Protein chains: 2
Amino acid sequence: MTMSNTGGRRRAPTIHDVAREAGVSRGTVSRVLNGGHYVSPAAQEAVNAAIRKTGYVVNRHARSLITGRSDSVGFLLTEPQERFFEDPNFNVLLRGCTQALAAHDIPLLLMLAGTRDERRRITRYITAGHVDGVLLVSSHSGDPVAEELRAAGVPLVACGKPIGLGSKVSYVAADDRDGARDMVRHLLSLGRRRIGVVTGPPDTPGGVERLAGYREVLAEAGLPADERLVVSGDYSRASGEAGAERLLERAPDMDAVFVASDLMAQGVLAALHRAGKRVPEDIAVGGFDDSPAATAATPALTTIRQPWDRISNEMVRVLLAQLGGEDPAAVILPTELVRRESA
Amino acid sequence: MTMSNTGGRRRAPTIHDVAREAGVSRGTVSRVLNGGHYVSPAAQEAVNAAIRKTGYVVNRHARSLITGRSDSVGFLLTEPQERFFEDPNFNVLLRGCTQALAAHDIPLLLMLAGTRDERRRITRYITAGHVDGVLLVSSHSGDPVAEELRAAGVPLVACGKPIGLGSKVSYVAADDRDGARDMVRHLLSLGRRRIGVVTGPPDTPGGVERLAGYREVLAEAGLPADERLVVSGDYSRASGEAGAERLLERAPDMDAVFVASDLMAQGVLAALHRAGKRVPEDIAVGGFDDSPAATAATPALTTIRQPWDRISNEMVRVLLAQLGGEDPAAVILPTELVRRESA
DNA sequence: TTCTCTACTGTGAACGCTCACAGAAGCATG
DNA sequence: CATGCTTCTGTGAGCGTTCACAGTAGAGAA
């Protein structure tokens, strides 16, 4: 009667135990574990049975030691922390990436690099090869971590087009410009002609591209470019509130606002409410993101849906392709107008 | 002229290189790396200089292979996914844990186990020793993953008291009952006497304890227990809305509601607004959590703050203590009443 | 037959580290 | 002067895997 796998918590079974159980050599077990090429069907089956019987699980440390790969990837957040809190997009993205990676049996290491010290530590950790690649969430330009990682040759996929870096870095992004165009066209179709905009920070792709889309459509419609109708925020609720106040002051005849994020749009709604403006009767409001904030708002926000589930899937796909030796790639995904009450 | 660390990306320096550079043996370098006991000051310094010069970073896989530890911990979420989205507490908790662990140079693996298959995979992964311990977020009772991990002897710290499990599992929780007591006492102090409650699911500690606190205070105040004033939700906004409607129907003379989460309280506010009730004039509303939803609501919610930053710190502290050989422990942290407009 | 090719299998040698052990040196104690 | 103790150092072994290589068997071609 031999010792079996149940109970005892003695020692985890190794590839050796499996080999003995299956009556083959370590090499054959290893081959089965790694795709099963050059293994006879009989051996294949014997090994699988032995694995089930012993409850064998590969020791990833031993594997990594020799392969040099870690079979894990990092999810790196270099944003200032308040965004992480307030922006529901991060949650969706994080969850999507975790799941997409889990499907490949690849664990995700969460890394927060808010301070200088943290950045140094994390950079060291990553460049030491403790992860095979990095999913980067950092829309601000001039991110030193991103640049260092790129220089060190770490496979990298950014979420949103990285402004500072060269073209050699992969990214996945929603079509910000096209989304903005859709929204502004929608506002025009409602008969609005004095359309304001609260855009994002000018060092983020969302800030730049959404504003560009807005300007393009107005120009195409033959409307004058009026800089009094343009203010910028930082994607926070508070900045939306402040932005709306400034707009109302500078352009009291405004009849619509395009806001570059739902969270800011919440702030805008609050400011308009305080100013006695009815939405959408007096002023139509269009958001961006289709976050939970959009449905939570009163009135519910008409907004642009970013395909976050597809974005996370694509980020993982592109990163894995890169780990497999493929070249960096840029992926741009279409957005969708979601009509609710605010416009 | 010897090959130096800069450029070339040839091969990462090993402990061997450091030893040669410092003129000592591998063993001495290893001792320096692991606390520096039994190392002469001279050797200590030589090794540190060599580490700086070579840019050496320890290979964690090699270390883990021999120590059997992975020097990483898992953050396991077995909640249904919508909570992860909607509840901002998870973000604060996740961020806090990541940072607290980073201070000990321990990476955090994010694990989502929503479906049966995912649960199986994750359990296998964890029990195989790929993480040293687990921070568990799963308030629902009868969680099969938690039970399996406990049975397998995996060091575990839960967030919130795990209902199903025995007392051998560590947890960190806010004092739900006391927080509820504070809120209900506050409502009483405002002169309210017909106080309703929208509690959480009865299989969560929040659902049980907050309701218990509510009942205790009413009893202590000599008020009758009226089951028409008690409904339960699932912490979602929608369930708060439905709960408020049911309360209004069953107890039209209600003059206050204690809601077991801010998110549900948002729903309650919406329902009250629709029913033409003014808050706080007609009905005072008290929330729980002090989440961003509390300030976003109109009127801003009076609520109970849970010390999430302390909770995450304590979770990590208790887990690390357990990894160091200490026994499981329960930590209960005080809450705080935050007065705003709604009550 | 003999040779070559393909499909499959087993065996040492790493990978980079820690741990146990042996041994050296210094100093106090018997 | 031996003995013990403490502090420090180097060395071999081995953690569990993969990889390169050598080798076997069987099929088909010369």
Side-chain angles (χ1 to χ4, degrees), chain A residues 5 10-48 50-51 54-72 105 124-125 127-130 132 323, chain B residues 5 10-48 50-51 54-72 105 124-125 127-130 132 323:
Chain A
N5 57 330
R10 264 275 159 272
R11 192 181 55 91
T14 75
I15 203 173
H16 243 108
D17 302 322
V18 175
R20 186 157 20 80
E21 181 72 38
V24 298
S25 71
R26 286 167 12 241
T28 300
V29 176
S30 178
R31 277 184 286 265
V32 170
L33 255 32
N34 293 283
H37 298 302
Y38 288 90
V39 179
S40 67
Q44 178 89 247
E45 193 154 336
V47 168
N48 282 328
I51 289 178
T54 55
Y56 170 78
V57 178
V58 66
N59 183 323
R60 296 169 96 110
H61 299 303
R63 172 182 286 173
S64 293
L65 180 55
I66 190 158
T67 60
R69 286 174 280 117
S70 74
D71 292 321
S72 67
D105 208 33
R124 243 183 125 81
Y125 186 89
T127 51
H130 291 315
D132 293 339
L323 296 184
Chain B
N5 56 329
R10 263 277 158 270
R11 190 181 59 90
T14 75
I15 203 173
H16 243 111
D17 303 321
V18 175
R20 186 156 21 80
E21 181 72 38
V24 298
S25 71
R26 286 171 7 243
T28 301
V29 176
S30 178
R31 277 184 286 265
V32 170
L33 255 34
N34 293 283
H37 298 302
Y38 288 90
V39 179
S40 67
Q44 178 89 247
E45 192 155 335
V47 168
N48 282 327
I51 288 177
T54 55
Y56 170 78
V57 178
V58 66
N59 182 323
R60 295 171 96 110
H61 299 303
R63 171 183 285 174
S64 293
L65 181 54
I66 189 161
T67 60
R69 286 174 281 116
S70 73
D71 293 319
S72 66
D105 208 33
R124 245 184 123 80
Y125 185 89
T127 52
H130 291 316
D132 293 339
L323 296 184

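Small disclaimer: the values here were computed from a predicted structure and weren't measured. We name chains A, B, ... by the order of the sequence lines, and we start the count at 1 in each one.
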Practice item. Would you kindly give the OH-to-C1' distance between Tyr38(B) and dC5(D), to the nearest whole Å? Key: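 Rounding to the nearest Å, OH of Tyr38(B) and C1' of dC5(D) are 11 Å apart.
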
Worksheet entry | Rounded distance (Å) that lies between atom P of dC15(D) and atom NE2 of His130(B) |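 It is 18 Å, rounded to the nearest whole Å.
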
| Looking at five pairs on each end of the helix from dT1(C)-dA30(D) to dG30(C)-dC1(D), what is the angle between the two axes, given to 10 degrees? |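 The helix from dT1(C)-dA30(D) to dG30(C)-dC1(D) shows an end-to-end axis angle of 60°.
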
(Q) Quick check: do Leu33(A) and Ile15(A) have side-chain heavy atoms less than 4.5 Å from each other? (A) yes

How many angstroms lie between atom [atom1] of [X] and atom [atom2] of [Y], to the nearest 0.5 angstrom?
{"X": "Asp132(A)", "Y": "Thr67(A)", "atom1": "CG", "atom2": "OG1", "result": "8.0 Å"}
{"X": "Asp71(A)", "Y": "His130(B)", "atom1": "CG", "atom2": "NE2", "result": "10.5 Å"}
{"X": "Thr14(B)", "Y": "Arg20(B)", "atom1": "OG1", "atom2": "CZ", "result": "7.5 Å"}

Does Arg31(A) form a side chain to side chain contact (heavy atoms under 4.5 Å, CB included) with His37(A)? I'd like the steps, not just the answer.
CA-CA 7 Å; Arg31(A) 277 184 286 265; His37(A) 298 302; over 6 Å; no

Closest heavy-atom pair, Ser64(B) versus Ser70(B), reported as atoms and distance to 0.1 Å, is OG-CA, 3.6 Å

**OP:** May I ask you to say whether Arg60(A) pairs ionically with Asp105(A), meaning some side-chain N is under 4.0 Å from a carboxylate O?
**Re:**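 Yes.
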
Inset, instruction - Look at Thr28(A) and dG10(C) and indicate whether a side-chain polar atom (N or O) is within less than 4.0 Å of OP1 or OP2. - result: yes

Original post:
Could you go step by step and tell me if Arg63(A) and Asn34(A) meet the side chain to side chain contact (heavy atoms under 4.5 Å, CB included) rule?
Top reply: CA-CA 11 Å; Arg63(A) 172 182 286 173; Asn34(A) 293 283; 4.0 Å; yes

Each nucleotide of nucleotides 13-23 of chain C classed B (base within 4.0 Å of a protein heavy atom), S (only sugar-phosphate) or -, in 5' to 3' order, makes BBBBSB-----

